[in-house]
Amino acid sequence: MEPHGPACPASVLFGCELTASTKSYTFQVDEEDDSDHILALSVVCLSDGAKDECNVVEVIGRNHENQEIAVPVANLKLSCQPLLSLDNFKLQPPVTFRLAAGSGPVHLTGWHRIMHREDASFEEDDDLSEEDEEELPSIMPAKK
């Protein structure tokens, strides 16, 4: 077993395309999979063939009350903003991406991070004892 806990992370590249004919894409995982999954979006961009029109991309997921919620995350236009960095915007599946306005094509890229679990619980690793806190290195100021 690894010294940092029972989880063994893996990351795989994620990508999807939204167009006039394929306006939505749903990212989901098998319900029986007991791993933790995170989708980290890094870039939303227009690609070859895009018209100079507003392309609004929204994310449809669930809020803290398990109600469906749609949130716009990008408004791209070829002449002024063809690309947007989302800085690894983290989402938990299932999540749907929808082209709410425009005809695309719009590409979404990022990383699908998978944390495989074994029999041990994550709670044991999350709690740092006072001894562990004392062993953490202090932050040194930057040299000028």
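Sequential numbering from 1 along the given sequence is applied to the chain's residues.
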(request) Grab the two heavy atoms, one from Leu18 and one from Tyr25, that are nearest each other, plus how far apart they are. (result) CD2-N, 3.9 Å
(message) If you compare all heavy atoms of Pro105 against all heavy atoms of Gly49, which two are closest, and at what distance to 0.1 Å?
(response) CD-C, 3.9 Å
(request) Measure from the side-chain N and O atoms of Asp87 to the backbone N and O of Ser85, and report whether any donor-acceptor pair falls under 3.5 Å. (result) no
(request) Identify, with sequence neighbours excluded, every residue that meets ring pair (Phe, Tyr, Trp, His ring centres under 6.0 Å) alongside His107. (result) none
(message) Show me the pairs that pass salt bridge (Lys or Arg N to Asp or Glu O under 4.0 Å) and involve residues 94-108, at least two apart or across chains.
(response) Glu58-Arg98
(message) Please report the interatomic distance CG(Leu91) to CD1(Ile60), rounded to the nearest 0.5 Å.
(response) 12.0 Å
(request) Taking all heavy atoms of Gln92 and all of Val95, pick out the closest pair and write down the distance. (result) O-CB, 4.2 Å
(request) Please report the closest heavy-atom contact between Asn55 and Gly104, naming both atoms and the distance. (result) OD1-N, 2.7 Å
(message) What I'd like to find out is whether the side chain of Val57 reaches to under 4.5 Å of the side chain of Leu99, using heavy atoms alone.
(response) yes
(request) Check whether Val56 and Leu86 end up in the same hydrophobic cluster, where Ile, Leu, Val, Met, Phe, Trp and Tyr are linked by side-chain heavy atoms less than 4.5 Å apart. (result) no
(message) Using a 4.5 Å cut-off between side-chain heavy atoms of Ile, Leu, Val, Met, Phe, Trp and Tyr, which other residues end up in the same hydrophobic cluster as Leu13?
(response) Trp111
(message) What's the separation between atom CG in Leu41 and atom CZ in Phe27, rounded to the nearest 0.5 Å?
(response) 9.5 Å
(request) For Ser42, check side-chain hydrogen bond (donor to acceptor under 3.5 Å, both in side chains) against everything at least two apart and list the hits. (result) none
(request) Could you tell me whether Lys23 atom NZ has more than 12 heavy atoms of other residues or ligands within 6.0 Å of it? (result) yes
(message) Measuring from atom CD1 of Ile38 to atom CZ of Arg113, what distance do you get when rounded to the nearest 0.5 angstrom?
(response) 9.0 Å
(request) Report the C-alpha separation of Val59 and Phe97 in whole Å, then their side-chain angles, then the decisive distance to 0.1 Å, and conclude whether the side-chain contact (heavy atoms from CB on, under 4.5 Å) test is met. (result) CA-CA 5 Å; Val59 174; Phe97 305 103; 3.9 Å; yes
(message) Between Val106 and Val44, is there a side-chain heavy-atom distance shorter than 4.5 Å?
(response) yes
(message) Strictly distance-based, threshold 3.5 Å: is any side-chain N or O of Glu53 a donor or acceptor partner for the main-chain N or O of Ser103?
(response) yes
Check residues 67-81 and write down every donor-acceptor pair under 3.5 Å in which the side-chain atom is one partner and the other belongs to a residue at least two apart or another chain.
| residue | atom | partner | partner atom | Å |
| --- | --- | --- | --- | --- |
| Ser79 | OG | Asp52 | OD1 | 2.9 |
| Ser79 | OG | Asp52 | OD2 | 3.1 |

(request) Kindly compute the distance separating OG (Ser11) from CD1 (Ile114), expressed to the nearest 0.5 Å. (result) 8.0 Å
(request) List for me each residue that meets side-chain hydrogen bond (donor to acceptor under 3.5 Å, both in side chains) alongside His112, sequence neighbours excluded, and say none if there are none. (result) His37
(request) Nearest 0.5 Å please: distance from the CG atom of Leu83 over to the OG atom of Ser47. (result) 11.5 Å
(message) Assigning hydrophobic clusters by single linkage (Ile, Leu, Val, Met, Phe, Trp, Tyr; side-chain heavy-atom cutoff under 4.5 Å), is Leu39 placed with Leu84?
(response) yes
